[in-house]
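Below you'll find the structure, written out as structure tokens, and then a few comments.
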Number of protein chains: 2
Amino acid sequence: MPVANEIVVQVQERVRDEAKRRGVRWTSQRQVIVEQFLLAGEHLTADELLVRSKEVDPAIGAATVYRTLNLLVEIGVAQRVRLGGGSASFEPVLGRAHHDHLICLACGLVVEFEDEGIEKRQNAIAKKHGFVLRHHRLEMFGLCPKCQERLAAE
Amino acid sequence: MPVANEIVVQVQERVRDEAKRRGVRWTSQRQVIVEQFLLAGEHLTADELLVRSKEVDPAIGAATVYRTLNLLVEIGVAQRVRLGGGSASFEPVLGRAHHDHLICLACGLVVEFEDEGIEKRQNAIAKKHGFVLRHHRLEMFGLCPKCQERLAAE
DNA sequence: TTGGCTGCAAATCTTTTGCAGTTCG
DNA sequence: CGAACTGCAAAAGATTTGCAGCCAA
């Protein structure tokens, strides 16, 4: 069994426990949706998650996906990110290191990166203002190398 | 005349010139909308901007506000930010130093801050990936001092 | 058993778009 | 004059909500 799956199982258990602690029921639909969400690894939209979930259980409706995603955000397992475009994307908070995004304005390419220095700096700023930090999101927009080249050639 | 107004006039002229350079027309509605946008200083939603603009010229429609905001973003004078909630907020890129946001999850308080160190680090990361940076947004979510106290007391 | 959850469809909300008339350049 | 712009209303898209039936605890 690949390592990735073990992580999925671990996180899923954590989610289920957290749900139970809050008196939230664990249904087969939530099982499927959370599993697909964690397996995806990549950030994905509610609609993309709906498609993947329907592949496992075609009866699952969009409303349930939205309700589950909101639940995950509330519990602190998922995070909303904005990568441009019309709809919000979500990604797991646990199971992999936190990362931020570098987005190409021309072709939409999304590069994920991690940076210890930025995280530290953020904590310092939060402390300065007396905040207790839960999470953050950093999105940097610009032109990727290929698009720079392409645009320069035109 | 207050200093703030001079800045508004300066930026507005820059916007108008940039518009002209692109062959974009300068109408009375755009004049009003851009003026209100710059005067607000604070980040504001399309709807808030519509309300303010209607106070000056009640005939202005929502579509024009959206079209103008998109134009400003395209020109690089405005930036979309997401402060939670359903609708996007916008804020001027010029006329004041760049800043990021610290947002309280409990009461919605938004603290704006600037940090040289983070900006530098971001540029370094962009360069590492070969990106040319246009802009970025950093939003940190947590609990403000008051809400920490309030929640602890409960 | 029973209150929370589900799917469906309808309702909301935000943002975009088509169109006929208006206006800037 | 002619292309770009405007307001309106309709459309489009994303997300939420009401409701009747279903199911985990």
Side-chain angles (χ1 to χ4, degrees), chain A residues 12 15-37 43-75 78-90, chain B residues 12 15-37 43-75 78-90:
Chain A
Q12 203 165 34
V15 175
R16 205 190 48 229
D17 289 350
E18 180 64 23
K20 192 180 292 177
R21 203 182 62 74
R22 293 178 170 235
V24 171
R25 285 190 190 166
W26 197 249
T27 64
S28 69
Q29 291 92 332
R30 286 186 178 168
Q31 169 75 24
V32 170
I33 294 169
V34 171
E35 192 168 270
Q36 291 305 310
F37 177 61
H43 43 80
L44 77 190
T45 64
D47 196 59
E48 286 162 358
L49 182 54
L50 173 62
V51 170
R52 284 169 189 250
S53 299
K54 267 184 183 298
E55 280 170 14
V56 179
D57 176 358
I60 289 177
T64 303
V65 170
Y66 278 104
R67 284 190 274 235
T68 302
L69 278 174
N70 286 339
L71 187 68
L72 293 180
V73 169
E74 211 175 298
I75 287 179
Q79 183 187 183
R80 253 195 182 81
V81 293
R82 270 261 149 179
L83 303 176
S87 48
S89 289
F90 296 80
Chain B
Q12 203 166 36
V15 174
R16 204 190 49 228
D17 289 351
E18 180 63 22
K20 191 179 293 177
R21 203 181 62 73
R22 294 178 169 234
V24 171
R25 286 190 188 167
W26 197 250
T27 65
S28 70
Q29 290 92 332
R30 287 187 178 168
Q31 168 76 25
V32 170
I33 294 169
V34 171
E35 191 169 271
Q36 291 305 310
F37 177 61
H43 43 80
L44 77 189
T45 64
D47 196 60
E48 286 162 358
L49 182 53
L50 174 62
V51 170
R52 284 168 190 251
S53 298
K54 268 185 183 298
E55 282 170 14
V56 179
D57 176 359
I60 290 178
T64 303
V65 170
Y66 277 103
R67 284 189 275 235
T68 302
L69 278 173
N70 286 338
L71 187 70
L72 293 181
V73 170
E74 210 175 298
I75 287 180
Q79 183 187 184
R80 252 195 184 80
V81 292
R82 270 261 149 177
L83 304 175
S87 47
S89 289
F90 296 80

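Quick note on labels: first sequence line is chain A, next is B, and so on, each numbered from 1.
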Subject >> Separation between CD of B:Gln36 and CG of B:Asp57, rounded to the nearest 0.5 Å >> reply: 10.5 Å

Subject >> Toward the 5' end of DNA chain C, by each residue's nearest nucleotide, B:Asn70 or B:Lys20 >> reply: B:Asn70

Subject >> Nearest-0.5 Å distance, CD1 of residue B:Ile33 to OG1 of residue B:Thr68 >> reply: 3.5 Å

**OP:** Check the distance between D:dC22's P and A:Gln29's CD and give it to me in whole angstrom.
**Re:** 13 Å

Subject >> Nucleotide D:dT15, atom P - distance to CD of A:Glu48 in whole Å >> reply: 11 Å

Subject >> Earlier contact from the 5' end, DNA chain D, for B:Trp26 and A:Ser28 >> reply: B:Trp26

Original post:
Whole Å only: how far is the CD1 atom of A:Ile60 from the P atom of C:dT6?
Top reply: 9 Å

**OP:** Could you state the atom-to-atom distance from CG of B:Leu69 to P of D:dT6 in whole Å?
**Re:** 12 Å

**OP:** Round to the nearest Å and state the distance from B:Arg25 atom CZ to D:dT6 atom P.
**Re:** 10 Å

**OP:** Figure out the CG/C1' separation between A:Leu71 and D:dT15, and round it to whole Å.
**Re:** 16 Å

Subject >> Which atom of A:Arg22 lies closest to which atom of A:Glu74, heavy atoms considered >> reply: NH2-O, 3.7 Å

**OP:** May I ask you to test the B:Asn70-B:Arg80 pair for a side-chain heavy-atom distance under 4.5 Å?
**Re:** yes

Original post:
Base, sugar-phosphate, or nothing for B:Ala62, non-hydrogen atoms under 4.0 angstrom?
Top reply: nothing

Original post:
Any salt bridge between B:Arg52 and B:Glu55, counting N to O under 4.0 Å?
Top reply: no

**OP:** Report yes if a side-chain nitrogen or oxygen of A:Tyr66 is closer than 4.0 Å to either non-bridging phosphate oxygen (OP1 or OP2) of D:dT15; otherwise report no.
**Re:** yes

**OP:** Kindly point out which of D:dC8, D:dT15, C:dC24 is positioned nearest to the side chain of A:Ser87?
**Re:** D:dT15

Subject >> Value in whole Å for how far the C1' atom of C:dT15 lies from CG of B:Leu72 >> reply: 16 Å

Original post:
Expressed in angstrom and rounded to an integer, what is the separation of A:Gln31 atom CD from D:dA24 atom C1'?
Top reply: 14 Å

Original post:
Within the pair A:Thr45 and D:dA14, is there a side-chain N or O less than 4.0 Å away from OP1 or OP2?
Top reply: no

**OP:** Pick base, sugar-phosphate or nothing for A:Arg67, based on heavy-atom distances below 4.0 Å to the nucleic acid.
**Re:** base

